[in-house]
Each structure stands twice: as C-alpha cells, then as structure tokens.
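Everything below concerns the one structure shown next.
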4 protein chains.
Amino acid sequence: MTSARPLRADAQRNRARVLAAAEKVFAERGTAASTEEVARAAGVGVGTVFRHFPSKEALLQALVVERLARIAVDAREHAALPDARAAFFDFFTSVVRGSATKLELADALAELGIHPNEAVATVAEEVTEALSALLQQAQRAEAVRTDIGVSDVIALLAGASQARRYAPDDRPLAVILDGLRVPSAQ
Amino acid sequence: MTSARPLRADAQRNRARVLAAAEKVFAERGTAASTEEVARAAGVGVGTVFRHFPSKEALLQALVVERLARIAVDAREHAALPDARAAFFDFFTSVVRGSATKLELADALAELGIHPNEAVATVAEEVTEALSALLQQAQRAEAVRTDIGVSDVIALLAGASQARRYAPDDRPLAVILDGLRVPSAQ
Amino acid sequence: MTSARPLRADAQRNRARVLAAAEKVFAERGTAASTEEVARAAGVGVGTVFRHFPSKEALLQALVVERLARIAVDAREHAALPDARAAFFDFFTSVVRGSATKLELADALAELGIHPNEAVATVAEEVTEALSALLQQAQRAEAVRTDIGVSDVIALLAGASQARRYAPDDRPLAVILDGLRVPSAQ
Amino acid sequence: MTSARPLRADAQRNRARVLAAAEKVFAERGTAASTEEVARAAGVGVGTVFRHFPSKEALLQALVVERLARIAVDAREHAALPDARAAFFDFFTSVVRGSATKLELADALAELGIHPNEAVATVAEEVTEALSALLQQAQRAEAVRTDIGVSDVIALLAGASQARRYAPDDRPLAVILDGLRVPSAQ
DNA sequence: CATGAATGAGTATTCATTCAT
DNA sequence: CATGAATGAATACTCATTCAT
C-alpha cells in the first residue's frame, strides 16, 4: 500500500499500531494533536512514526485511504446483494453510523477534493465506482430518486455524518434517507 | 472607568474590520491560520486584534456569536411571515446557502454544545427559540413532518451545510428538504 | 524636579499620583509590572504616565531619586542631632525598616551603580555626603568602628534591607548594628 | 517508557551546558534575559532548553536547586570539621564569596519561602538542616551568639551576599561576621 | 530498524511607546 | 493636557522533522 518492499513482520505490526493510534488520537483531540502524542499512544518513538509515514500529512492521508478503502469494500459487498433497495439504504446507514466513533468521515472525505494524492485518488475512484454501481442498481429498482448522482450521494454521506455530531440519534439520518427515496415509492 | 463604554468610532470600525477579516481568513485557510494573517487581512497590527479579542479563541467565539445572531434574526423574520411552509423552507435554504462562503456553519454550530461560553450560550438559546417557533408553525401547517424536533433541524442544517462542501449545487439540499416534508404533503 | 516648567497644579497632582501608584505596583508585583497597570492604579490613562515620565526606565529612576532624596533628608536630619551614636544607629534602623514596605531599597540602590542618570547621580551624591557626615561623627564619638567607609555603610544598608525579606523581624538588623559598633564600645 | 531514565550521555551533557549557560546569562543580564539568549550561550537550539526545562520558571528553579544543593553540601562538610567556630565562619564566608560570580544568592534564597516547588522545598530543607547543625555546634562552642536561629543566618547570608553587590570587598562581610560572634568572645 | 534528543521556524500573546481623538 | 486605541518588536513555548546513538 506504500510501494513495493514486503516490510518485515514487526515493521508491519508497528505500521498498523501507529495507524490505529493516530485514528484514536486524531478523533479524540483533533488533527492538531501532535505526532509525539500519536507515537506515545502507539507505544513507539516519534522516529518510528516518521519512518512509516514521511510526514504528518502522509499519516493523515493514510488514514483517509484506510477509511475509504473500507467504504469501497462495503459498497462492493452491498452491490452484490440481491435486494438493490435494501443494499443501498443499508450501505448508507452503515457508513453514517460507522463514522461516528472514528475520525469524522467529513474530514476524511474533505481530503478527496483537496489533496490530489495518488493513493487517495485511487481509493476515491474505487469508492466512486462501487458507489456508482450501488446507486444505479437502486435507481433502476426505483428505490432511489433518479435526479441525483454519485457526487450527491457522497455529499449526503458527509452531511449525514456531520449531522450525527449534533444529534447522535438516527432521526436526521432517517430524514435524509426519506429524501433519497423515489417520491411515489414511499 | 472601564466596563461597557460605547467604544470610540474608529475602534468600533476596527473591531468590525478584524471580525470580517477573521471570517474570510479562517474560511479560506482554516481556523489554524495565524492571528498575524488575520491582522494583515484587516490592515491592522496584531496588537489591535488582541486588544479587541483577548485570545484567538475569543475571536473565534465572537465569530460564532455573530453568525448565530444573524441566523436567529433570520429565523425570527421568517417566523413572522404568513406562509408557514414557505417560511420554514426558505429559512432553511437561506441558512445553508449563506454558510457556503462564510466560516463553515458546521463549525459555528459545533460550538452550540461544546464551549460553555456565556455569549455563545445566549445566542444559542435565541437560535433555538426562534427556530422552535418556525418549526412548530410549519408542523402545525402540515408542511413539515412531526417526528422531528429543533435539535434535529439544527443537526440537519449543519449536515446540509457540510454537504455543500462536496457538491456545491442545490441537489443535496433538495434531498434534505424533501426528507423534511410531510410524506403525504408532497 | 524634571526641568524648569512650573507645571500646572493638576499636572503636578497627576505626577504625584503616578509616582505613588508606581511605587505600590512595582513593590507588589515587581518592576516587570506593566505601565498600563501603573496607570490603572493611578487612575489615569497610559498616555499620562508617559507624558510625565518619557519611558518606563525614567519612571523607575524617578522612584529611586525620590527614595534616595528621602534618605538624604533623613540622614541630614539625624546628622544634626546631638547624640552622634544614637543618630547613626537610629538612621540606619529607620532606613532598613522603611524599605520593607516600599520598593526594595536594594533594587533602588542597585540603580546607583548601573544607570549613570544625572538626577540619580545628584541625589546619590547627596546621600553620600549626608551619610559621610553622619558616619564620621559617629566614628569620632567612638560609636562606630573606624575601619569602614560610606560605601560599606551603603552596602550594609542594602544588605540589611535584603535580609529583612527573609526574616522580617529585627534580629538580622541587630546583628549588623552590633557588627558596626566599636568592639570595646559594646 | 518515560519517567526517570538515566538520560543519554549527550543529553546529560547538554542539560549541564544549558544550566551553566543559564547561570551565566541570568547573572550577567538578569533573569529577564530571554531563553533564546540562554540557548545561544549554551550552543544549542531553544527547543533543547525547553526539552530539559519545560518552562523558564523550571529552569530558574533548577538553578536555585543546584545552588542550594551545593550550599547544603558545603554546610555538611563544614559541620564535620573539628573546630566548630572556624567551621561556621568559614562556611558563611565561602557562601557569600561564592555567590558573587553566580546568580545572586539573594534570588536563590528568595525561592526558599516563595515557590512551593517540590524539588526546591527538598533542598531548602536540606540546607536548613545542615545549617542548623553547623549553627548549633558553633553556638555550643560559644563562637556564635545564641539569640539567633537558622532563619536569621539565612537572612544574613542573603543580606551579606546582597551587600557584596555594592561593595565587592570583604568589609561588609567582616562587619556581619563580627555581629554574629558572642560579644565577650571577641 | 527503533529511539528520542536536537533543531528552529512558527505562533499566541504581552507591553513599551506613539498619536489621533 | 488627558485619553486609550494602535502599533509591532520581543518573548515563551510548540511541534514537525532530522539524525546521532
């Protein structure tokens, strides 16, 4: 996921620990938290963090990539389900619910349009593709209104995740899901 | 000899210039932008910024208060309109559209539940009250679904504003507005 | 005391108020206290402080001059007393006791050797002269040991004042006074 | 993974260099001298100063602790000498003479009663104890007057050190030492 | 490879001093 | 003359990044 070296087992483990620690620390104290703090949370020295991620920005991007990659997988899995309607809405719900505890999806998605980093661009495309399939199936099944596209769904995913910060229950999400349905298909 | 003097005319003007510059700078470069930069944009020295706002946090809060105050006024004005349905949806739309150019509403609204600052708490209450009236009127007019409350509307305002960052057109907003309507009242 | 202008009555009063406030503020919070604070304590604007004393250093020096001037007067008055022994020891005691509440004499005297300011140099000379008379009389009266000079007395005044900061009673002072007496003249 | 590691050799050396540089700089230009200047004098970056001493105050305290620790050692060593009289007076003299070149003892001793810092409190106690032994031995040997206690000796040490700033010879010291002797024991 | 000490540019904040009101 | 707002240099402290151990 970085380049081509196989990476020794312990190095691989350290990379994962740093990533996990970073997610936790940045989620709890914001992305302004220091690299030192991430290192401490991971139980390694700062040097190790910088060995795996050449800069703080790279670390942040790796986090985004990881998140998006999971979303892409999730989208693909849902796209393979028989019920297109349920597939779409379940996917949407799971992404929004999942974003609550982690580094805000909003921030993660924000990177999409801001930093044209190769790795990020790649997963972004994967997400877009998988989501596109999912959306089109649902639209074809007349489960989702046809006047919106993938970018709108992404925007709404970000919006719904953000809404969750203010009202951590499912009502705002329900409103958005209802707005997405085909009018007649109540 | 201190307290709440009316503030000299030029001081008043500088305060406003700083506030405007801060809004612009923080919106463009994020709240991590330096105070120095805000001062430069306002055409004053750093000292002046700190004379008006004793800390960067105070400046940020002043910005939030200003934004929320405008929203409260907007809500009150709309609540006075005869058509309760249009009043609610126009208000929602205007807030979301207005937040695009300014410091993200999301960040502003975020303060609502986070910083127990007196001034912020006061406007927050004003917003809540005005919005409550607006919402209830719309619900009584059967224009807005009745299973949501003020806090949900606030969350959705934040969400819709956030969505706008990813898709700057009106489609995500339209989806949310549709989700808010009374199902049968399409 | 500045140059030659007679200074209007209210200006004169302001000058005195600033000086008094400065003494209090600097004594309580150290000479690092801000000019703003001095102005506030004096009930005037900063501008007024700077009108009377062109710089913070000038204000500090004026304070020293005032202090030393009082000491010089005190010395002269004591030198005029009939009992040379009592005159010297009473003077020493009064200076040391008096320094406790005010801006440390030590700091005031410190300026003596550091900033060759004309006004300071003048009073310093006055102090030296008056003290010289007082000392010589006491030495002639065999009340004070003859192996010390004026500069030693000044040093001991500073030392005794400093000692008072650690043990605010009269014992350290008594020790020093005893050390100053003519051995046989216990 | 943190706490009391022995500190790498070079780190240890840097810590000492910073401490030495700070002593010199603060003695020469006052404690208002900037940390930047201390760093420059030590030949390290500012960051290094702050890595070893988290704040300027901590640096100052470390200096005081160091100074007091040396005094405590000195006191203990003298207390072990056979001639109680010489022990006391030699100690007093050596402390006062030693304080001249270094950061004023007065400032160091000032910390004794002012900052409730644990490290400082600890050495302060050590100094007090060692000094107490030294003083009592001298008093039992009828070399020092019995109407004074440890706190008076500390005050006089501070006073004598301060006096040295005005008259850098030994006369003020001699006066104080004479004042400390048992009257009949001239 | 991992560690954490060193670096120094960058940031918020203070304060003496000036000057328009 | 008095006022206090404006100024900007100065300072303590932080943090991403580098590199000797």
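Letters go in sequence order (proteins before strands), and every chain restarts at 1.
- Residue contacts for D:T35: at a heavy-atom cut-off of 4.0 Å it reaches the sugar-phosphate backbone alone, with no base atom in range.
- For the pair C:E37 CD and F:dG4 P, the interatomic distance rounds to 16 Å; values are reported in whole Å.
- Within the 4.0 angstrom heavy-atom criterion, only backbone atoms of the sugar-phosphate kind lie near A:S34; the bases stay farther away.
- If you find the closest nucleotide of DNA chain F to C:G47 and to A:K56, the one lying nearer the 5' end belongs to C:G47.
- Taking a cutoff of 4.0 Å between a charged side-chain nitrogen and a carboxylate oxygen, A:R70 and A:E66 qualify as a salt bridge.
- Minimum atom distance to the side chain of B:S55 is reached by E:dT13, of the listed F:dA5, E:dT13, F:dC13.
- The distance from atom CD of B:E57 to atom C1' of E:dT11 is 16 Å, rounded to the nearest whole Å.
- The side chain of B:V46 lies closest to E:dT13 when the candidates are E:dT13, E:dA5, E:dA16.
- The side chain of D:N14 has E:dA6 as its nearest neighbour among F:dT14, E:dA5, E:dA6.
- One can place CD of A:Q12 at 15 Å from C1' of E:dC1, the figure rounded to the nearest angstrom.
- Taking CZ from A:R17 and OG1 from A:T48, the interatomic distance works out to 9.5 Å, rounded to the nearest 0.5 Å.
- You'll find that the side chain of B:H52 is closest to F:dA6, out of F:dA6, F:dA16, F:dA5.
- If you measure from atom CZ of A:F50 to atom P of F:dC15, you get 12 Å, rounded to the nearest angstrom.
- With rounding to whole Å, B:E36 atom CD is found 11 Å from E:dT13 atom C1'.
- F:dT11 atom P lies 20 Å from atom CZ of D:F53, rounded to whole Å.
- Using a 4.0 Å cut-off between charged side-chain N and carboxylate O, B:K24 and B:E28 make a salt bridge.
- Residue C:A33 is in sugar-phosphate contact alone, with no base atom involved, counting any heavy-atom pair closer than 4.0 Å across all strands shown.
- For C:T48, the listed nucleotide lying nearest its side chain is F:dA2; candidates were F:dC13, E:dA2, F:dA2.
- Rounded to whole Å, the distance from CZ on D:R17 to C1' on E:dT7 is 14 Å.
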Self-check item: Bracket string, DNA chain E, 5' to 3' - pairs by Watson-Crick or G-U geometry under 3.5 Å, | interstrand
Solution: .||||||||||||||||||||
